[in-house]
Amino acid sequence: MAAATTRKPTLVQSVIAQLTVEHAKTAVFWYVVYYRALALWRHVRARGISASVSGLYLALVKRVFAVVLLIPSARRKVKAELDTVTLDLETKLAPPHPSLPRALTLPAEGLSSEALSEALTALSAMPNTQWEDGRVSGAVYHGGEEMGKVWTEAMSKFIVSNPLHCDVFPGVRKMDSEVVSMCLSLFNSPLPTSAIDEAGGAGTTTSGGTESILMACKAYRDRARIERGITEPEMIVPLSAHAAFEKASQYFKMKIHFIPVDRETRKVNLKLVKRAINPNTIMLVGSAPNFPDGAIDDIAGLSKLALKYNLALHVDCCLGSFLVPFLEKAGYPSDPFDFRVPGVTSISCDTHKYGFAPKGSSVIMYRSKALRKYQYSVTTTWPGGVYATPSIAGSRPGAVIAGAWASMHKMGVDGYTSSCREIVGAAKQIVLGIRKDFPELKVLGDPLVSVVAFESVDEEVPVYEVGDKMGGLGWHLNALQSPPALHIACTRLTVPVVSDFLRDLRIAVDEVKASTEKGKGSMVMLYGLGSSSAVGPGLVEQLASRYMDVLYA
Ligand SMILES: *Cc1c(COP(=O)(O)O)cnc(C)c1O
């Protein structure tokens with residue numbers, strides 16, 4: 001002991017000890033600097049300088065807004081403004097019912113069947129936008145007169161079923177797996193012959209397009225972590241892609257780079273996609289078609305990049321679902337979009353849109369079972385037992401699966417082909433009509449499917465104002481931002497009213513032109529705020545959450 005304490009370290013030893021500590025400090029310092037610089041470099045490289053600067057500005061403005069709100073007087077002022085708008089929204093969206101009281105507590109005694117039926121009738125008759133006459137863009141993807149009966153029968157037969165208990169409800173399990181198989185073959189994936197066959201595609205059903213997209217992102221995140229050790233995953237997404245990808249990035253902590261689309265074709269700019277790829281990139285995204293303007297991204301081009309850089313490529317065919325696979329059969333031009341494109345690794349397809357299934361039904365497909373495995377969630381230590389679920393939900397409505405299965409069987413290849421012919425035909429008539437008779441407007445891109453978007457090329461005709469006038473004429477169009485535009489997503493209900501649409505659009509445009517006092521349209525209130533004023537972005541965020549408060553008022 002004594003010998004050990006008295007032995008002095010040699011000069012070399014103490015130098016090494018000192019050097020090591022100093023070196024370690026320096027190394028850590030430079031590692032952090034290098035790491036930060038690399039992240040910054042990748043960020044700026046992916047987005048370009050001007051988008052990086054404006055992104056920084058936006059983040060800063062939001063932060064400042066949040067700080068300003070800490071000042072009581074500012075908070076009071078903003079709150080007062082928001083309260084006014086919220087009350088306004090509440091009277092519009094959640095007015096008191098003339099005869100039905102607000103049910104804020106359980107009835108002390110259960111209602112009789114008659115009373116219940118009366119209440120339900122009154123609720124379903126609450127005045128709403130008349131979607132039946134085809135003037136609402138998207139929203140109701142109607143499968144025709146008889147589909148209601150098909151749903152009612154299928155769903156009522158499986159009303160209590162739950163695929164979580166597949167041994168109790170074998171019929172639902174069978175239909176669930178067949179819905180997926182039918183979609184896989186529709187998107188030209190080979191099917192495995194059994195549960196142990198590693199070849200061929202695989203998928204699951206989900207509650208909707210959003211969940212399908214979330215699941216693909218989650219699967220790729222987990223795969224990248226396990227197979228490649230990537231802990232800070234990034235995805236590269238067209239600016240025109242569905243908001244669900246940003247939701248996935250929020251939920252799953254994945255960095256998202258938005259890539260602009262070409263001004264004319266509205267397809268994502270492949271050069272910029274390529275520039276955004278770095279060693280943390282795990283997935284690319286393309287839409288077939290996208291929601292805002294209905295353009296189909298260059299899936300073959302994205303596929304080349306995905307293969308070259310060994311990335312996943314998700315094709316969002318939620319909206320295209322049962323239209324795009326039938327374009328050729330219906331006699332229309334198409335673009336490559338499915339598993340025949342070699343780099344495509346997953347596809348989301350909404351049975352509850354143009355598949356005409358009841359709401360709450362979508363399918364996520366992968367090129368292989370090995371990919372699907374990363375979507376699964378398994379917990380082995382839960383006191384309730386080993387718990388394994390393929391998607392987000394635990395219990396799931398078997399009735400919706402039965403509804404989807406029955407819709408697909410009711411339609412068949414012939415049914416979907418003719419509905420594609422009609423719906424896409426209606427969209428094409430609208431495109432032609434606008435191009436021929438509306439020099440004031442310009443159709444965005446070259447829509448191949450059901451969505452037609454148009455902007456104004458005439459200063460005298462602010463496009464949101466046209467949207468307001470169309471609203472006055474009973475039409476419900478979607479307002480788009482960047483560029484300001486309107487769109488209509490054609491459904492079967494639009495088919496008989498195409499000429500009414502073009503006639504009313506003429507009236508709306510002429511009225512806007514003739515009016516001396518031009519507003520900018522009520523949509524501008526929201527979108528204009530977002531981009532033009534410094535408090536805008538923060539305020540819009542708060543306004544949007546007030547909107548959700550109203551939904552549960
Ligand atoms: C509708 C849609 C989705 C998913 O929407 P859900 O409302 O969650 O079903 C995804 N992508 C596109 C392009 C869509 O139009």
Side-chain angles (χ1 to χ4, degrees), residues 34-35 37-49 51-52 55 187 189 201 213-242 244-246 248-249 252-262 265 267-288 290 295-317 335-348 364-375:
Y34 165 78
Y35 187 79
L38 184 68
L40 182 68
W41 157 245
R42 284 174 179 171
H43 182 93
V44 174
R45 188 180 141 82
R47 296 174 189 214
I49 292 187
S52 302
F187 286 82
S189 159
I213 289 169
L214 291 178
M215 288 292 82
C217 295
K218 185 262 184 208
Y220 293 139
R221 184 199 64 171
D222 289 2
R223 175 173 78 143
R225 192 171 52 209
I226 292 167
E227 293 183 7
R228 289 167 59 194
I230 293 177
T231 52
E232 294 178 22
E234 299 185 7
M235 51 176 149
I236 300 176
V237 177
L239 197 52
S240 54
H242 194 268
F245 292 98
E246 187 165 356
S249 94
F252 302 140
K253 275 201 129 183
M254 300 163 74
K255 182 162 176 154
I256 188 166
H257 294 293
F258 288 113
I259 307 299
V261 298
D262 180 90
T265 65
K267 293 169 192 274
V268 69
N269 183 322
L270 289 184
K271 275 205 196 105
L272 298 182
V273 170
K274 184 173 174 198
R275 201 178 69 181
I277 296 172
N278 70 44
N280 279 334
T281 306
I282 63 166
M283 66 184 285
L284 307 180
V285 171
S287 311
N290 71 44
I296 298 182
D297 287 315
D298 179 358
I299 304 298
L302 286 167
S303 159
K304 285 200 189 110
L305 286 175
L307 291 173
K308 180 167 174 199
Y309 294 96
N310 190 21
L311 304 170
L313 169 57
H314 181 82
V315 173
D316 178 16
C317 204
D335 268 350
F337 65 96
D338 63 17
F339 287 114
R340 287 172 294 185
V341 185
V344 172
T345 52
S346 57
I347 298 176
S348 46
I364 173 70
M365 295 169 270
Y366 299 92
R367 183 171 283 280
S368 69
K369 278 205 192 91
L371 284 174
R372 181 180 61 181
K373 186 183 66 186
Y374 290 112
Q375 174 183 315

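Residues: numbered from 1 along the sequence shown. The analysis underlying the following values was restricted to heavy atoms, covering all of them including side chains, and did not include hydrogens, waters or symmetry mates.
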- Message: Would you say that more than 12 heavy atoms from the other residues, nucleotides or ligands in this model lie under 6.0 Å from the CD1 of Ile226, or not?
- Response: yes
- Message: Tell me whether Lys369 at atom NZ has more than 12 heavy atoms from other residues, nucleotides or ligands lying less than 6.0 Å away.
- Response: yes
- Listed by chain and number, what are the side-chain contact (heavy atoms from CB on, under 4.5 Å) partners of Ala241, not counting sequence neighbours? Val237, Pro238, Phe245, Val285, Ser287
- Item | Name of the residue among Glu234, Glu232, His43 meeting side chain to side chain donor-acceptor pair (under 3.5 Å) with Lys255 | His43
Do you know which two heavy atoms are closest between [X] and [Y], and how far apart they sit?
X: Met254; Y: Cys217; value: CE-O, 3.7 Å
X: Val341; Y: Arg367; value: O-NH2, 2.9 Å
X: Asp338; Y: Phe187; value: CB-O, 3.3 Å
X: Ala216; Y: Ile364; value: CB-CD1, 3.8 Å
X: Ile256; Y: Ser249; value: CG2-OG, 3.7 Å
X: Cys317; Y: Ile347; value: CB-CG2, 3.9 Å

Taking the side chain as every heavy atom from C-beta outward, state whether [X] and [Y] have any pair of such atoms under 4.5 Å apart.
X: Tyr366; Y: Met215; answer: yes
X: Asn269; Y: Asp262; answer: no
X: Asp297; Y: Lys267; answer: yes
X: Arg42; Y: Pro279; answer: yes

- Residue pair Leu311, Leu305: steps toward the side-chain contact (heavy atoms from CB on, under 4.5 Å) verdict: CA-CA 8 Å; Leu311 304 170; Leu305 286 175; 6.0 Å; no
- Side chain Thr345, main chain Leu313, donor-acceptor under 3.5 Å: yes
- Message: Has Arg275 got a side-chain atom pairing as donor or acceptor with Arg45's backbone, closer than 3.5 angstrom?
- Response: yes
Distance check, rounded to the nearest 0.5 Å: [X] atom [atom1] versus [Y] atom [atom2]?
X: Phe337; Y: Ile299; atom1: CZ; atom2: CD1; value: 10.0 Å
X: Glu246; Y: Ile213; atom1: CD; atom2: CD1; value: 12.5 Å
X: Met235; Y: Ile282; atom1: CE; atom2: CD1; value: 7.5 Å
X: Asp335; Y: Asp298; atom1: CG; atom2: CG; value: 7.5 Å
X: Lys373; Y: Ser368; atom1: NZ; atom2: OG; value: 9.0 Å

- Message: Test side-chain contact (heavy atoms from CB on, under 4.5 Å) on Phe252 and Leu214; report intermediate values, then the result.
- Response: CA-CA 9 Å; Phe252 302 140; Leu214 291 178; 4.0 Å; yes
- Item | Residues Leu371, Tyr220; criterion side-chain contact (heavy atoms from CB on, under 4.5 Å); working and verdict | CA-CA 8 Å; Leu371 284 174; Tyr220 293 139; 4.0 Å; yes
- Message: Looking only at the side chains, is there a donor atom on one of His314 and Ser348 sitting less than 3.5 Å from an acceptor on the other?
- Response: yes
- Task: Go through the steps to decide whether Leu302 and Val268 satisfy the test side-chain contact (heavy atoms from CB on, under 4.5 Å), and finish with yes or no.
- Result: CA-CA 9 Å; Leu302 286 167; Val268 69; 4.3 Å; yes
